[in-house]
Structure formats: C-alpha cells, structure tokens
Amino acid sequence: MSVWLCLGLILAAGCRTAEWPAVDCSQPGWRVRHGQAVWKPGAGRPEIAGELLLATRDDGAAYVQFAKPPLTLCEARSEDARWWFRAGATSVRRGRRGPAPVRLLWLHLDPALRNQPLPSPLRWQTAGATGWRLENPQRDEWIEGFLGP
C-alpha cells in the first residue's frame with residue numbers, strides 16, 4: 001500500500017503546475033501597451049469589460065493582464081515554449097511546456113496581434129486602425145478591444 005501512496009505523491013508532484021514566474025515589464029526589452037477589452041468567457045456567461053495590458057519582447061515572450069481595478073481578472077504569459085495562465089477570481093493556475101491550449105484564449109492574443117497562424121477553431125478579425133476581435137466559436141468565447149501604440 002505504501003508503494004502506491006509514494007507513486008501517487010511522485011506523480012502528483014510531477015504534474016504540479018509550475019510556479020508563476022515574476023514579470024517585471026520595466027526591464028529593458030519589454031514593450032508595454034495599454035487598452036480596453038470586453039471578454040465573453042463562454043456560452044451563457046456575461047460579458048466583462050476591463051483594462052488590458054500587453055507586454056511583449058522581440059524574442060516572442062508575452063504577458064497579458066486583464067483587470068477591473070483593483071482586481072486582476074486573469075493573466076497569461078508565454079516564454080521559451082512555456083505558458084502560464086492565472087485567473088485571479090478563482091485562483092485557477094495552469095502552466096506547461098508546449099503549445100498553449102485553445103481553451104485559454106488569452107494566451108493566443110499576442111500571436112494573433114503578431115499575425116501568426118492560430119489553431120483551429122480560433123478566428124481573428126481587425127476593426128479599424130486599432131480594434132480587433134479574437135474568438136473561439138466552439139465555446140462562444142471572444143475578446144474584443146483595442147490597444148494603444
């Protein structure tokens with residue numbers, strides 16, 4: 001019985017989500033943009049308006065924060081073939097190596113803004129000079145907004 005308990009603890013530790021790395025966007029190399037967004041988190045859920053921060057580096061690293069001050073509603077980060085996602089209200093934390101899951105729409109905002117290919121079924125549209133919409137029609141989830149220069 002103790003072998004199974006030890007095995008379970010080892011597996012649980014191996015699957016544990018990595019700690020959220022510190023993000024200091026004031027460091028050299030980060031480009032920070034601010035804007036507004038409306039997020040519809042899925043079917044049957046209400047739209048949420050808030051402030052958007054997007055910080056990027058030339059090496060492809062990105063950090064996204066969606067907030068209704070003083071509350072941070074969610075944060076997403078990608079760097080070095082890893083991604084992290086944290087939902088503030090529910091304390092949901094995820095992090096892994098490899099491609100970002102389609103269900104975590106915020107992780108796909110920076111690639112969409114960089115005109116990189118998006119996984120199916122995600123859709124990207126631009127509106128005017130600074131507006132855009134990223135959506136996952138299968139989940140009835142979307143984010144639309146704008147970012148300043």
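Heads up: numbering here begins at 1 and tracks the sequence. Computed from a predicted model, the values in this text were never measured in an experiment.
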- For salt bridge (Lys or Arg N to Asp or Glu O under 4.0 Å), just list the numbers for R82 and D80, CA-CA rounded to whole Å, side-chain angles, deciding distance to a tenth of an Å, and then say yes or no. CA-CA 5 Å; R82 290 190 62 92; D80 298 329; over 6 Å; no
- Among L53, T56, L54, which residue meets the side chain to side chain contact (heavy atoms under 4.5 Å, CB included) test with V32? L53
- Query: Can you tell me how far CZ of R123 sits from NE2 of H108, rounded to the nearest 0.5 angstrom?
  - Reply: 15.5 Å
- Please tell me if the side chains of W83 and R96 come closer than 4.5 Å, counting only heavy atoms from C-beta onward. yes
- Task: For W106 and F66, run ring pair (Phe, Tyr, Trp, His ring centres under 6.0 Å): C-alpha distance rounded to whole Å, both residues' side-chain angles, the deciding distance at 0.1 Å, then the answer.
- Result: CA-CA 9 Å; W106 288 104; F66 181 64; 4.9 Å; yes
- Message: To the nearest 0.5 Å, what is the distance between CH2 on W124 and CH2 on W132?
- Response: 6.0 Å
- Item | Closest heavy-atom pair and its distance - P46, P41 | O-CD, 3.3 Å
- Task: Find out whether W30 and D24 are in side-chain contact, i.e. whether some heavy atom of one side chain is under 4.5 Å from a heavy atom of the other.
- Result: no
- Can you find a heavy atom in the side chain of E75 that is under 4.5 Å from one in the side chain of R77? no
Show me, pair by pair, the donor-acceptor contacts under 3.5 angstrom made by side chains of residues 134-149, not counting sequence neighbours?
{"unit_1": "N136", "atom_1": "OD1", "unit_2": "Q138", "atom_2": "N", "d": "3.1"}
{"unit_1": "R139", "atom_1": "NE", "unit_2": "E141", "atom_2": "OE1", "d": "3.3"}
{"unit_1": "D140", "atom_1": "OD2", "unit_2": "K40", "atom_2": "NZ", "d": "2.9"}
{"unit_1": "E141", "atom_1": "OE2", "unit_2": "W39", "atom_2": "NE1", "d": "3.0"}
{"unit_1": "E144", "atom_1": "OE1", "unit_2": "R133", "atom_2": "NH1", "d": "2.8"}

- Is there side-chain contact between H34 and L52, with heavy atoms separated by less than 4.5 Å? no
- Query: Can you check whether R94 reaches P101 side chain to side chain, under 4.5 Å on heavy atoms?
  - Reply: no
- Item | Validation row: Y63, D110 side chains within 4.5 angstrom (heavy atoms) | no
- V102 side chain reached by L118 side chain, heavy atoms, under 4.5 Å: no
- dist T72:OG1 -> E51:CD (nearest 0.5 Å) comes out at 10.0 Å
